[in-house]
Undergrad: 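This is the structure I want to talk about, given as structure tokens.
What's counted below: heavy atoms across the whole structure, side chains too, no hydrogens, waters or symmetry copies.
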Amino acid sequence: MKRFLVILCVTLSLNVHAQLSFYNSDDYWANFSFQSDSVKTAATDTCLVFVSNRHLYKDSLRFVDEYVDTSALKYFFLQKHGGQWNVFQTPTLADAMHLLPEKRDIVVYAEGMGKIFTTNVERALLMRSQYQVNVIMFDYASINTTYRPARNFRFARENARLSAPHYYRLLRVIQQARREKEDWMQQVKVSTFCHSMGNIILMEMMKVQDYQQLNNEPFIDNVVINAACVPSKKHAEWVENIHFANKIYIHYNKSDWQLKGAHLLTLEAQLGEKLKGKLAKNANYVNFREQVGSQHSYFLNFPQNEYRMTNEMKDYFVQLFSGNTAVLEEYKTLVKKEGNGTSVN
């Protein structure tokens with residue numbers, strides 16, 4: 001076990017260092033330009049919306065940093081043109097959403113550990129292009145490029161917890177837009193997708209924030225809890241309090257090597273790794289073990305990776321992000337139907 005943990009930490013350290021050396025380089029950041037003026041129309045439909053709690057330094061090359069700003073939530077509209085990302089700050093989420101070139105179903109996306117602003121842009125762009133959705137990326141500081149792996153593990157977990165009030169505020173804004181039938185919310189489905197440590201934000205929100213305010217009506221179509229790096233035991237206690245969504249999906253994979261490492265570091269089985277104790281009566285559980293092997297980020301095809309989703313998997317996520325009822329047809333891997341509440345030892 002100790003040997004596995006050492007190998008895991010070394011591997012993660014090398015992978016993260018290699019990625020950050022590229023995405024955090026001056027040359028890569030030069031592809032991003034913070035704009036102080038208003039948005040100008042450009043011949044592009046490659047656009048993203050970011051909601052961030054990072055500190056903002058408008059005149060710096062790295063205009064957002066690697067720490068959580070607990071005092072403020074910032075809205076950005078990102079527009080890619082000619083290989084350059086122009087980043088505009090907007091007063092509200094609605095202002096940013098009105099700038100998107102077309103209406104699509106919306107995915108509110110929160111990533112896990114190890115993402116600086118530029119890597120979150122890459123992930124959001126892949127989500128947008130592969131599933132033809134509009135992405136609202138919840139961008140929080142989940143790594144510090146000067147810290148060692150063990151410290152970064154603690155840093156990311158703590159920042160995810162600190163981000164729960166901001167995520168709650170974002171959902172309240174979306175709820176209000178649904179309630180008031182704002183035009184950018186008309187004829188679209190809205191799903192939330194939390195990956196890995198991003199689910200700490202969701203869990204902490206349900207434990208600490210006034211979630212009853214969210215439960216006044218189901219304004220989210222699908223809540224997706226993907227490869228969750230949160231304790232599996234007693235997860236039903238907070239998941240069953242989610243009444244603001246029509247459907248809840250929990251994805252897990254017993255062979256997920258990154259969550260096995262988190263299991264060893266925390267001495268707790270992770271929800272995205274294996275199911276422990278009582279299952280949530282209002283959730284659908286989907287087992288990806290047979291399809292993805294030891295993969296952790298199995299919901300996207302990354303250009304630099306050999307792993308590729310099957311057509312059946314992609315169809316499943318297309319349905320999921322379209323706000324529809326989704327079933328993985330190829331393997332029929334739903335562990336239980338909604339309302340069963342089975343216990344797993």
Undergrad: Does any non-hydrogen side-chain atom of H195 lie less than 4.5 Å from one of H296?
TA: yes
Undergrad: Output yes when D26 and R62 qualify as a salt bridge under the 4.0 Å nitrogen-oxygen rule, no when they do not.
TA: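 Yes.
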Undergrad: I174 vs M185, test: side-chain contact (heavy atoms from CB on, under 4.5 Å). Steps then yes/no.
TA: CA-CA 9 Å; I174 293 172; M185 272 289 187; 3.1 Å; yes
Undergrad: Does N305 CG have over 12 foreign heavy atoms under 6.0 Å away?
TA: yes
Undergrad: Could you tell me whether the side chain of T118 reaches within less than 4.5 Å of the side chain of Y28, counting heavy atoms only?
TA: yes
Undergrad: Any chain of hydrophobic side-chain contacts (each under 4.5 Å) joining L56 to W85?
TA: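 Yes, L56 and W85 fall within the same hydrophobic cluster.
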Undergrad: Pick from F288, F317, Y307: which one makes a ring-ring contact (aromatic ring centres under 6.0 Å, His included) with Y298?
TA: F288
Undergrad: Any heavy-atom pair between the side chains of V286 and Y316 that's under 4.5 Å?
TA: yes
Undergrad: Should the pair E217-R179 be classified as a salt bridge under the 4.0 Å nitrogen-to-oxygen rule?
TA: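 Yes, E217 and R179 are salt-bridged.
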Undergrad: Should E204 and W238 be marked as a side-chain contact (heavy atoms from CB on, under 4.5 Å) after you check the CA-CA gap, both sets of side-chain angles, and the distance that decides it?
TA: CA-CA 9 Å; E204 193 72 8; W238 60 268; over 6 Å; no
Undergrad: State, yes or no, whether a side-chain contact exists between Y252 and N287 at a heavy-atom distance under 4.5 Å.
TA: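 Side chain of Y252 against side chain of N287, heavy atoms only: contact under 4.5 Å found.
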Undergrad: Under the criterion ring-ring contact (aromatic ring centres under 6.0 Å, His included), which of F88, Y57, F32, W29 is the partner of F63?
TA: W29
Undergrad: May I ask you to check whether H235 and Y285 place their ring centres under 6.0 Å from each other?
TA: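 Yes - the distance between ring centres of Y285 and H235 falls below the 6.0 Å cut-off.
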Undergrad: Of all the heavy-atom pairs spanning Q319 and A326, show the shortest one and how long it is.
TA: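 That closest heavy-atom pairing would be CB-CB, 4.1 Å.
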Undergrad: For L300, which of K314, Q130, E122 qualifies under side chain to side chain contact (heavy atoms under 4.5 Å, CB included)?
TA: Q130
Undergrad: With heavy-atom distances below 4.5 Å as the criterion, would you say the side chains of K103 and Q186 are in contact?
TA: yes
Undergrad: Around atom NZ of K254, are there more than 12 heavy atoms from other residues, nucleotides or ligands closer than 6.0 Å?
TA: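 No.
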Undergrad: Less than 3.5 Å apart, which donor and acceptor atoms pair up between the side chains of residues 161-173 and the rest of the protein, not counting sequence neighbours?
TA:
unit_1: S163; atom_1: OG; unit_2: N53; atom_2: ND2; d: 3.0
unit_1: S163; atom_1: OG; unit_2: N159; atom_2: O; d: 2.7
unit_1: H166; atom_1: ND1; unit_2: N53; atom_2: ND2; d: 3.1
unit_1: H166; atom_1: NE2; unit_2: T70; atom_2: O; d: 3.3
unit_1: Y168; atom_1: OH; unit_2: D210; atom_2: O; d: 3.0
unit_1: R172; atom_1: NH1; unit_2: Q175; atom_2: OE1; d: 2.8

Undergrad: Would you name the heavy atoms of Q304 and Y23 that are closest together and state the gap between them?
TA: NE2-OH, 4.3 Å
Undergrad: Do you know the tightest heavy-atom contact between D139 and S52?
TA: OD2-OG, 2.9 Å
Undergrad: I need the minimum non-hydrogen distance between E273 and L259, along with the two atoms involved.
TA: N-CD1, 3.6 Å
Undergrad: Would V108 and F77 show up in the same hydrophobic cluster when neighbours are defined by side-chain heavy atoms closer than 4.5 Å?
TA: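 As far as the 4.5 Å side-chain criterion goes, F77 and V108 are connected within one cluster.
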Undergrad: Indicate yes or no: at least one non-hydrogen side-chain atom of N324 is less than 4.5 angstrom from one of K189.
TA: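 Counting from C-beta outward, N324 and K189 do come under 4.5 Å.
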Undergrad: Go through the side-chain N and O atoms of Y67 and N144 and say whether any donor and acceptor fall under 3.5 Å apart.
TA: yes
Undergrad: Is there a side-chain contact between T266 and R157 in this structure, where contact means two heavy atoms from C-beta onward sitting under 4.5 Å apart?
TA: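 With C-beta onward as the side chain, the pair touches.
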Undergrad: Restricting to non-hydrogen atoms, name the atom on K115 and the atom on S142 that form the minimum distance, rounded to 0.1 Å.
TA: N-OG, 2.9 Å
Undergrad: Do the non-hydrogen side-chain atoms of L93 and V49 ever get within less than 4.5 Å of each other?
TA: yes
Undergrad: Do F193 and F321 have ring centroids that are under 6.0 Å from one another?
TA: yes
Undergrad: Please evaluate residues L48 and M137 with respect to the criterion side-chain contact (heavy atoms from CB on, under 4.5 Å), reporting the C-alpha separation (whole Å), side-chain torsions for both, the decisive distance (0.1 Å), and the verdict.
TA: CA-CA 8 Å; L48 303 168; M137 172 63 83; over 6 Å; no
Undergrad: Between F302 and L126, what is the shortest heavy-atom contact and its length?
TA: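 F302 and L126 have their closest heavy atoms at CD2-CD1, 3.5 Å.
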Undergrad: Please step through side-chain contact (heavy atoms from CB on, under 4.5 Å) for the pair L320 and Y249, ending with a clear verdict.
TA: CA-CA 9 Å; L320 201 64; Y249 293 85; 3.4 Å; yes
